[in-house]
Amino acid sequence: MPLTFEDVYRVVRLIPKGRVMSYSGVARLCGAPRSARYVGFALHALLHRNPRGVPWWRVVNVHGRISNIYAPLEQQRRLEAEGVQVDEALRVDMQRYDAEELVAARLRTHRSLR
DNA sequence: CCAATGACCGTAA
DNA sequence: GTTACGGCCATTG
């Protein structure tokens, strides 16, 4: 199944304030578990224009690390503003903040991926 | 139109 | 801990 940027944005918009998700987690919930890289491509496109306020800063890599090379400090600042602790290595505690299960449950409740 | 372009991840050595 | 590699594909200049 082809995965569009909008599919990615739809899931990212469901990440609650003060929580994060990994690129691979977003890919999984989009139904394309091997497309983590593609999630990065979709978020990269937001640098040019982010009309619908997609909360890109809530996506980090699977280790909890901020891997955005364009605006890492802005991402850190936005996360901290929401109460997410970011350490000196630009990492967050995934055990504590990963919202994948939460968002997955919300997707199930709201009936599938649309 | 079409080739280049990208914020990744899991596995293996 | 390290490097390497394949999977992934819509968007855009």
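Lettering of chains follows the sequences in order, A, B, ..., and the numbering in each one begins at 1.
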*Tell me which of A:Y23 and A:R28 sits closer to the 5' end of DNA chain B, going by the nucleotide each one is nearest to.*
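Its nearest nucleotide lies further toward 5', so the answer is A:Y23.
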Using atom [atom1] of [X] as one end and atom [atom2] of [N] as the other, report the distance to the nearest whole Å.
X: A:I69; N: B:dT5; atom1: CD1; atom2: C1'; value: 13 Å
X: A:L3; N: C:dC9; atom1: CG; atom2: P; value: 8 Å
X: A:E74; N: B:dA7; atom1: CD; atom2: C1'; value: 13 Å
X: A:L46; N: B:dG6; atom1: CG; atom2: P; value: 15 Å
X: A:L43; N: B:dC9; atom1: CG; atom2: C1'; value: 15 Å
X: A:E6; N: C:dA10; atom1: CD; atom2: P; value: 14 Å
X: A:Q75; N: B:dA7; atom1: CD; atom2: P; value: 13 Å
X: A:H63; N: B:dC9; atom1: NE2; atom2: P; value: 7 Å

_DNA chain C contacts among residues 33-42 of chain A, heavy-atom distance under 4.0 Å_ =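 Correct list: A:R34, A:S35, A:R37, A:Y38.
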*Expressed in whole Å, how much space separates the P atoms belonging to C:dG13 and B:dA7?*
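Result for the P pair: 15 Å, nearest Å.
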*Determine the Euclidean distance between corresponding P atoms of C:dC8 and B:dC2; express it in Å to zero decimal places.*
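So the two P atoms sit 24 Å from each other.
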_By nearest atom, which of the nucleotides B:dA7, C:dA10, B:dC9 is closest to the A:W56 side chain?_
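When the side chain of A:W56 is considered, B:dA7 is the closest of B:dA7, C:dA10, B:dC9.
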*If you check the A:T4 side chain, which of B:dC8, C:dA10, B:dG6 turns out closest?*
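Per side-chain heavy atoms of A:T4, the pick is C:dA10.
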_Using the rule side-chain hydrogen bond (donor to acceptor under 3.5 Å, both in side chains), only one of A:E74, A:E80, A:Q75 pairs with A:R78; which is it?_
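The passing option is A:E74.
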*asked:* Please say yes or no: joined through hydrophobic side-chain contacts below 4.5 Å, possibly via intermediate residues, are A:M94 and A:V39 part of one cluster?
replied: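 Cluster IDs for A:M94 and A:V39 match.
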*Report the C-alpha distance between A:W57 and A:E82 in whole Å, list the side-chain angles of each, state the deciding distance to 0.1 Å, and finish with yes or no for side-chain hydrogen bond (donor to acceptor under 3.5 Å, both in side chains).*
CA-CA 11 Å; A:W57 59 92; A:E82 297 182 346; 3.0 Å; yes
*Mind checking A:L47 for me? I need base, sugar-phosphate or nothing, with any heavy atom below 4.0 Å counting as a touch.*
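Touches a base.
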*Flag the pair A:N61 / A:S22 as yes when at least one side-chain heavy-atom distance between them is below 4.5 Å, and no otherwise.*
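A side-chain contact under 4.5 Å is absent here.
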_Measuring only between side-chain heavy atoms, which start at C-beta, is A:Q85 closer than 4.5 Å to A:D93?_
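Contact flag for A:Q85/A:D93 side chains = no.
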_A:R65 to A:V60 - nearest heavy-atom pair and separation_ =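 Minimum heavy-atom contact is O-CB, 3.4 Å.
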_Sub-6.0 Å ring centroid separation between A:F5 and A:F41_ =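 So the answer is no for these two rings.
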